[in-house]
2 protein chains.
Amino acid sequence: MQLDHGLVFMSDTRTNAGVDNFSTSKKMFHWHVPGERMITIMTAGNLATTQAMVSLLRERSITTQDRDPSILREATMFQIARLVGATLKEVIAESSLSGQSAEQFAASAIVGGQIKGGLPTIFLIYPQGNFIEITPDTPFFQIGETKYGKPILVRAYDPAMSFEDAVKLLLVSFDSTVKSNLSVGLPFDLQIYEKDTFAQGRVIRIDEHDTVYQAISSGWGDALKEAFQHLPSYKV
Amino acid sequence: MQLDHGLVFMSDTRTNAGVDNFSTSKKMFHWHVPGERMITIMTAGNLATTQAMVSLLRERSITTQDRDPSILREATMFQIARLVGATLKEVIAESSLSGQSAEQFAASAIVGGQIKGGLPTIFLIYPQGNFIEITPDTPFFQIGETKYGKPILVRAYDPAMSFEDAVKLLLVSFDSTVKSNLSVGLPFDLQIYEKDTFAQGRVIRIDEHDTVYQAISSGWGDALKEAFQHLPSYKV
């Protein structure tokens, strides 16, 4: 999510291969050169694909002999998005070489951050390797199980909101999804990036024992019911 | 939706074959023998399939020479669900005879009502012709674009709620979907069936000029924002 004064990222950690086979896996990854660049990638879709993509990006960013483009060398966020898109497309293409459909290996990613000389921004990367950038008209991106949590984002988002309110909004949105769909689950990973700091900012893991999350989760049900009572009734 | 004192049905009327080709079509259909039975069917999915299914059910319910099972003759709601499931499966199978995949002709239906001697109930019919019945654990069914509107149903449903509150809840749920997805749109069709009346009850069409709907739609945004303010903040 893009705010006037920075970026906020949140991801869940639930992965599954069917309801009888699920586990926890981090879906948020950071690349950081203090004072120069801060880049965050979040992933959704086939776990083998996204892990391979992140490993390739990591390897190419630490091996100095490697002449491939590196996520720590690209000059702009746009070039970073191109790099991530190309890497994602490469992994999916390789997985489908044996004649299997590319669809089952599909994955998508959100890439956000800021590089010195540019503004903070976020891209949504498609399995095909192409991507779109965030705009004031579309101030947040979602990937994965997006629908349950969208209505509250549409209603309550405000670019001037504080980081505290933004985190609260994201928790309400994720909580709506968790309550409706087994494929999304706690803990959540959260990162708050303050504009022009080129620092990683706060990175927090929120689990089900977090008392503020518990208060928001149970409080939201009551708050919704009360809000609902205040609406006019449809006389029938 | 099943309540202690009856059933409430709501459907939208948007149909589309791509975003550049959408129109309005009723998706709620009634069969009614005063004092004896009231049956309502709502449909989602391929419009050709659902129209053919409804036409077959209608034809077989008006032609007395026709010896096929009729929706006005079956003795129980369970038999009605079997009939609707078989008819839906038949239409999809016929459409795919020419070798095309059955998937593109897929549709689903919700069948609810009451027949003298039985209780009011609701079934969800799958494209494969099989079906599930509503239970106290799953007191409402959704078909079509279900995800955006589900969280508020999960949170605010109460079997003892009044018809007025149930309609308000359904309007909030549909409104969340309309605001997030072009494939769902006004006007909405609404039916309220009071238990053991075996009468059609109130059938209302709600369009975008409906002042109560407008008040609920705009009021819900404000109510959500206010509810949101009252939640504890996540200190970051």
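Order of the sequence lines sets the chain letters (A, B, ...), proteins ahead of strands, with each chain counted from 1. Hydrogens, waters and symmetry mates are skipped; everything else that's a heavy atom, side chains included, is used.
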Study note, to complete from the structure: Interatomic distance, CG@B:Leu190 vs CZ@B:Phe163, rounded to 0.5 Å, equals 10.5 Å

Check your understanding: If you count heavy-atom pairs under 4.5 Å between each of B:Ile204, B:Val167, B:Leu224 and chain A, which one has the most?
Key -> B:Leu224

Review point. Top residue by heavy-atom pair count (under 4.5 Å) with chain B, among A:Ser162, A:Gly219, A:Ser180, A:Gly149?
Key: A:Ser180

Revision key, fill the gap. Most contact-rich option vs chain B, by heavy-atom pairs under 4.5 angstrom, among A:Leu169, A:Val154, A:Thr177, is A:Leu169

Review point. Have B:Ser176 and A:Lys150 got a donor and an acceptor in their side chains that come within less than 3.5 Å?
Key: no

Check your understanding: Where on B:Lys168 is there a heavy atom nearer than 4.5 Å to chain A: the side chain, the backbone, both, or neither?
Key -> both

Review point. Most heavy-atom pairs under 4.5 angstrom with chain A, which of B:Leu171, B:Asn181, B:Asp210?
Key: B:Asp210

**Study point:** Result of checking A:Arg14, A:Arg205, A:Arg202 against A:Asp189 for salt bridge (Lys or Arg N to Asp or Glu O under 4.0 Å)
**Key:** A:Arg205

Check your understanding: Non-hydrogen atoms of chain A under 4.5 Å away: do they reach the side chain of B:Glu145, the backbone, both or neither?
Key -> side chain

Check your understanding: Looking at A:Ala215, A:Gly221, A:Gly201, which has the largest count of heavy-atom pairs under 4.5 Å with chain B?
Key -> A:Gly221

Check your understanding: Would A:Phe141 and A:Phe123 count as a close aromatic pair, with their ring centres under 6.0 Å?
Key -> no

Point to revise | Nearest-0.5 Å distance that lies between atom OG in B:Ser25 and atom CG in B:Asp12 | key: 10.0 Å

Point to revise | A:Ile192, part contacting chain B, at a heavy-atom distance under 4.5 Å | key: side chain

Check your understanding: Is chain A contacted by the side chain of B:Glu164, its backbone, both, or neither, given a heavy-atom distance below 4.5 Å?
Key -> both

Exercise for review: Check whether more than 12 heavy atoms from other residues, nucleotides or ligands sit under 6.0 Å from atom CD of B:Gln229, and answer yes or no.
Suggested key: yes

Check your understanding: With respect to A:Lys27, which candidate in A:Val54, A:Thr50, A:Thr15, A:Ile41 satisfies the side chain to side chain contact (heavy atoms under 4.5 Å, CB included) definition?
Key -> A:Thr15

